[in-house]
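See below for the structure under consideration.
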Amino acid sequence: YLNAAEQIAEQVVYAPNADNQAEKVIQLEQFKPTGLVKDGAVRFYTNGKVMAEFEVPFDGKYQLRIKVDADQAGGVDAKMSLQIDDFEFEENTKFNISSLVEGPRIEKTAYKQLRAGKHTVQIGFENDFYNPTATEPSKRDRILIVFSVKLVGPERLPQDILTELQREILAVKVEPG
């Protein structure tokens, strides 16, 4: 009975926390310029940027989670940049992508305080490398590959959107014993 009650309560009272936040997938087909999506991923064969619009329902702190990988060449890791609405994130927005396409994909996360409404995310590839004469084919071309983009959050719901009942329930603190 306790499990059933907890499941019902989770459906009635949405209370996000670090382990329970809304996730919204930004479809790769939304990114412009179009034509870079191939085999279910955005593929950067040269330096460039892609942008997509998304909307958030509430003010709050959000996470952007990007699954990414790279074909490496030229002795340096591929570099990815990230922005929202022409503004950088709270921490470093330049990521070294050190994995290989054959290995597990890397998830990069950045945090940003957003206002409710429409926003634009921009992902860039900053250090293309191409050497057509390299003896090993795998060392000829550096490529950045984005497999998924998710928006997670907000960390907390604004109190003014909660009903009176939700505020009362969430305010109750149960003491052990």
Side-chain angles (χ1 to χ4, degrees), residues 10 14-130 136-157:
E10 284 177 5
Y14 173 62
N17 58 42
D19 300 323
N20 176 31
Q21 296 180 42
E23 289 188 5
K24 177 181 181 172
V25 174
I26 300 174
Q27 298 298 322
L28 298 178
E29 291 77 15
Q30 289 179 243
F31 283 91
K32 294 184 178 27
T34 58
L36 296 177
V37 177
K38 181 181 174 189
D39 298 327
V42 175
R43 296 174 186 275
F44 290 92
Y45 295 102
T46 188
N47 289 344
K49 295 177 182 177
V50 293
M51 292 184 275
E53 289 187 349
F54 64 94
E55 193 166 347
V56 296
F58 311 112
D59 292 359
K61 190 171 185 179
Y62 289 82
Q63 295 177 43
L64 196 65
R65 295 182 186 165
I66 300 175
K67 283 204 177 168
V68 65
D69 221 331
D71 276 340
Q72 304 293 351
V76 217
D77 292 341
K79 293 196 185 322
M80 178 183 75
S81 63
L82 192 55
Q83 285 186 304
I84 287 191
D85 300 332
D86 299 327
F87 298 103
E88 295 189 352
F89 283 80
E90 293 173 8
E91 70 272 347
N92 186 6
T93 59
K94 309 276 189 213
F95 297 99
N96 287 338
I97 309 303
S98 58
S99 68
L100 299 172
V101 171
E102 296 83 31
R105 295 180 179 132
I106 296 173
E107 184 170 89
K108 295 295 184 179
T109 303
Y111 299 86
K112 182 78 177 145
Q113 188 74 28
L114 298 173
R115 307 281 291 157
K118 290 185 180 184
H119 299 275
T120 302
V121 60
Q122 178 176 282
I123 301 171
F125 178 39
E126 300 201 338
N127 66 334
D128 184 32
F129 174 86
Y130 182 63
E136 287 184 55
S138 64
K139 302 290 183 193
R140 290 183 187 155
D141 199 7
R142 183 181 304 127
I143 300 170
L144 180 71
I145 306 163
V146 177
F147 292 97
S148 69
V149 180
K150 279 186 194 173
L151 185 69
V152 180
E155 285 185 351
R156 291 189 202 124
L157 288 177

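Quick note: residue numbers are just sequence positions, from 1.
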Across all chains, not counting sequence neighbours, the ring pair (Phe, Tyr, Trp, His ring centres under 6.0 Å) partners of F31 are none

Under a 4.5 Å cut-off applied to non-hydrogen side-chain atoms, are K112 and Y62 in contact? no

Side chain to side chain, D71 and D141, heavy atoms closer than 4.5 Å: no

Heavy-atom closest pair, residues P154 and G60: CB-CA, 4.0 Å

Any non-hydrogen side-chain atom of Y45 less than 4.5 Å from a side-chain atom of K38? yes

Charged N-O contact under 4.0 Å between E53 and K118: no

Contact between R65 and E23 at the side-chain level, heavy atoms closer than 4.5 Å - yes or no? yes

S81 and E126: CA distance, side-chain angles, deciding distance, side-chain hydrogen bond (donor to acceptor under 3.5 Å, both in side chains) verdict: CA-CA 7 Å; S81 63; E126 300 201 338; 3.2 Å; yes

Hey, are the side chains of I145 and R105 touching, using non-hydrogen atoms and a 4.5 Å cut-off? no

Side-chain touch F44/V50, heavy atoms, less than 4.5 angstrom: yes

Would you call L144 and N127 a side-chain contact if the rule is heavy atoms closer than 4.5 Å? no

Pairwise distance CD1(I143) to CZ(F125) - rounded to 0.5 angstrom: 8.0 Å

Residues two or more places apart in sequence or in another chain: which of them pass side-chain contact (heavy atoms from CB on, under 4.5 Å) with K32? T34

Is there side-chain contact between I97 and F95, with heavy atoms separated by less than 4.5 Å? yes

